[in-house]
Amino acid sequence: MTFQPQALPSPSSLPSAVAPTPVATALPVTGLITAVGASLPTDRQCAASIHYSSWEPRPDNTAANHRVPTAQQLAAIDQFYPTYTQNPLANRYSARISGNFTGTTDEIIQWVACKWGVNADLVRAQAAVESWWHQSTAAGKTTTSRYCPPGTWNGSSCPSFYGLLQITYRYFSHEWPMMRDDTAFNADYVYGMMRMCYEGLATQLQASTPSAGYPRYHAGDIWGCLGSWFSGQWYDSGAIHYIQEVQKTLQEKPWLGRWF
């Protein structure tokens, strides 16, 4: 049985004694994501549409939340074609990646969600699974030095994954050090890639054999795309487990809790 997008309830309010509650993006969204081929708003439009507040559950993100990539860094990032797909139309999405926003962690999440046409709670849930919203998260130890970013090899190992949504240096070396240093860039890049996949342009996934009962790669499947971010495959066992973790977190909404 395939996963079906779940309609999202509105976030409930926190007790009045707690800091202001994050709210969903103002961008009209049906379910989890706008339709394939939908027109996407600009950086500036999204910056004007989000809910601003002083709520910051992760003050340790402050420096990264207020750092954006330089023009030189952006010029050096991988365009999706031909690095990750054989469809040149994919570059319309990689060309939009800017990381050009500063604010609280939740404001950055709202901005990214607006920019790529997804419900902000999906980004919140994935970020909770990946890093518990800590941009400083560095995980996935590797003992292969060539997979380590500059300056991270300690003689025996280094972390593989970095940031809010855990980008791996092994496959995204041109996105270093922004994946570690810039919160908005980290999320912007991941959801640019997610949108490219959702639009049906991730041709590398066409050769992926899904687990029994799951569909092959096709446009319009946000859950499949989210799972492929974790495993690199389409509905393999790792992807399915990851999807289930994000779905569970999406239902529980821990960011609305007093102790998040």
Side-chain angles (χ1 to χ4, degrees), residues 1-8 29 31-33 58 80 84-85 93 105 108-109 112-113 116-142 147 159-172 175 179-180 183 186-255 257 260:
M1 181 177 181
T2 59
F3 287 110
Q4 297 296 323
Q6 300 175 355
L8 297 179
V29 175
L32 292 175
I33 188 167
R58 302 294 180 262
F80 294 159
Y84 306 114
T85 174
Y93 299 102
T105 305
I108 288 170
I109 287 172
V112 166
W116 296 108
V118 302
N119 189 294
D121 276 351
L122 179 60
V123 187
R124 291 178 178 122
Q126 187 182 13
V129 168
E130 290 284 6
S131 67
W132 208 237
W133 287 27
H134 290 282
Q135 172 63 17
S136 62
T137 300
K141 184 176 74 172
T142 179
Y147 298 153
S160 295
F161 311 109
Y162 295 86
L164 194 73
L165 294 173
Q166 293 290 275
I167 300 176
T168 177
Y169 178 80
R170 178 178 178 180
Y171 300 114
F172 300 98
E175 286 63 64
M179 67 173 73
R180 178 194 63 186
T183 310
N186 185 285
D188 198 11
Y189 194 89
V190 171
Y191 270 84
M193 181 160 282
M194 203 87 70
R195 187 79 208 193
M196 181 268 288
C197 170
Y198 179 78
E199 294 288 331
L201 303 175
T203 57
Q204 78 282 4
L205 291 172
Q206 293 170 352
S208 183
T209 301
S211 298
Y214 291 83
R216 298 195 72 88
Y217 174 65
H218 61 283
D221 188 340
I222 186 57
W223 287 120
C225 291
L226 186 137
S228 73
W229 173 252
F230 174 81
S231 74
Q233 300 297 317
W234 189 254
Y235 285 118
D236 67 352
S237 60
I240 292 168
H241 176 74
Y242 182 73
I243 292 164
Q244 291 170 341
E245 286 295 308
V246 175
Q247 288 182 330
K248 180 175 181 287
T249 306
L250 183 58
Q251 291 174 342
E252 294 173 347
K253 295 181 172 57
W255 53 89
F260 180 71

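Sorted by first and then second residue, the disulfide (SG to SG under 2.5 Å) pairs with a member in residues 195-254 read Cys197-Cys225; sequence neighbours excluded. Residue pairs meeting the salt bridge (Lys or Arg N to Asp or Glu O under 4.0 Å) criterion with at least one partner in residues 199-216, sequence neighbours excluded, are Arg195-Glu199. Pairs passing the salt bridge (Lys or Arg N to Asp or Glu O under 4.0 Å) check and including a residue from residues 160-171, sequence neighbours excluded, do not occur. Legend: salt bridge (Lys or Arg N to Asp or Glu O under 4.0 Å) pairs involving residues 231-248, not counting sequence neighbours, sorted by first then second residue: Lys248-Glu252.
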Hey, mind stepping through Val118 and Leu32 against side chain to side chain contact (heavy atoms under 4.5 Å, CB included) and telling me if it holds?
-> CA-CA 6 Å; Val118 302; Leu32 292 175; over 6 Å; no
Checking side chain to side chain contact (heavy atoms under 4.5 Å, CB included) for the pair Met194/Tyr93: CA distance, chi angles, key distance, verdict?
-> CA-CA 10 Å; Met194 203 87 70; Tyr93 299 102; over 6 Å; no
Could you walk me through whether Trp223 and Gln247 pass the side chain to side chain contact (heavy atoms under 4.5 Å, CB included) test, one step at a time?
-> CA-CA 9 Å; Trp223 287 120; Gln247 288 182 330; 3.3 Å; yes
Please report the C-alpha distance between Leu165 and Met179 in whole Å, then the side-chain angles of each, then the deciding distance to 0.1 Å, and finally whether the side chain to side chain contact (heavy atoms under 4.5 Å, CB included) criterion is met.
-> CA-CA 9 Å; Leu165 294 173; Met179 67 173 73; over 6 Å; no
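At a threshold of 4.5 Å between non-hydrogen side-chain atoms, the residues Val112 and Val190 do not count as touching. At least one side-chain heavy atom of Tyr191 sits less than 4.5 Å from a side-chain heavy atom of Leu122.
Using modelled atom types, one finds a donor on one side chain and an acceptor on the other under 3.5 Å when comparing Trp116 with Asp188.
The shortest non-hydrogen separation linking Ala113 to Val123 is CB-CG2, 4.0 Å. The shortest non-hydrogen separation linking Ile240 to Ser211 is CD1-OG, 3.7 Å. When all heavy atoms are compared, the tightest approach of Trp234 to Asp221 is CZ2-OD2, 3.7 Å. Of all heavy-atom pairs spanning Ala187 and Leu164, the tightest one is CB-CD2, 4.3 Å.
Put simply, OG1 on Thr137 and CZ on Arg58 are 9.0 Å apart, with the number rounded to the nearest 0.5 Å. If you take CD1 on Ile33 and CD1 on Ile222, they are separated by 4.0 Å, rounding to the nearest 0.5 Å. In this structure, Trp133 CH2 and Phe260 CZ are separated by 5.0 Å, a value rounded to the nearest 0.5 Å. Distance CD/Glu175 to CZ/Arg180: 14.0 Å, rounded to 0.5 Å. Here the CH2-OG1 distance, from Trp255 to Thr105, works out to 14.0 Å after rounding to the nearest 0.5 Å. Atom CZ of Phe161 and atom CD1 of Ile167 lie 11.5 Å apart (nearest 0.5 Å).
With sequence neighbours excluded, the residues satisfying ring-ring contact (aromatic ring centres under 6.0 Å, His included) with Tyr162 are Trp176. Under the side-chain hydrogen bond (donor to acceptor under 3.5 Å, both in side chains) criterion, Gln204 pairs with no residue at all, not counting sequence neighbours. Residues passing the ring-ring contact (aromatic ring centres under 6.0 Å, His included) test with Tyr189, sequence neighbours excluded: Phe80, Phe172, Phe185. Applying the ring-ring contact (aromatic ring centres under 6.0 Å, His included) test to Phe230 and every residue at least two apart in sequence or in another chain returns Tyr242. By the side-chain hydrogen bond (donor to acceptor under 3.5 Å, both in side chains) test, Ser131 is found to be paired with no residue, residues two or more places apart in sequence or in another chain being considered. Looking at residues two or more places apart in sequence or on another chain, you find a side-chain contact (heavy atoms from CB on, under 4.5 Å) between Thr142 and Thr144, Tyr147, Cys148, Cys158, Ser160. In this structure, the side-chain contact (heavy atoms from CB on, under 4.5 Å) partners of Tyr171, at least two apart in sequence or on a different chain, are Thr168. The side-chain hydrogen bond (donor to acceptor under 3.5 Å, both in side chains) search around Thr203 returns Thr85, not counting sequence neighbours.
Other residues, nucleotides and ligands contribute over 12 non-hydrogen atoms within 6.0 Å of the NE2 atom of His218.
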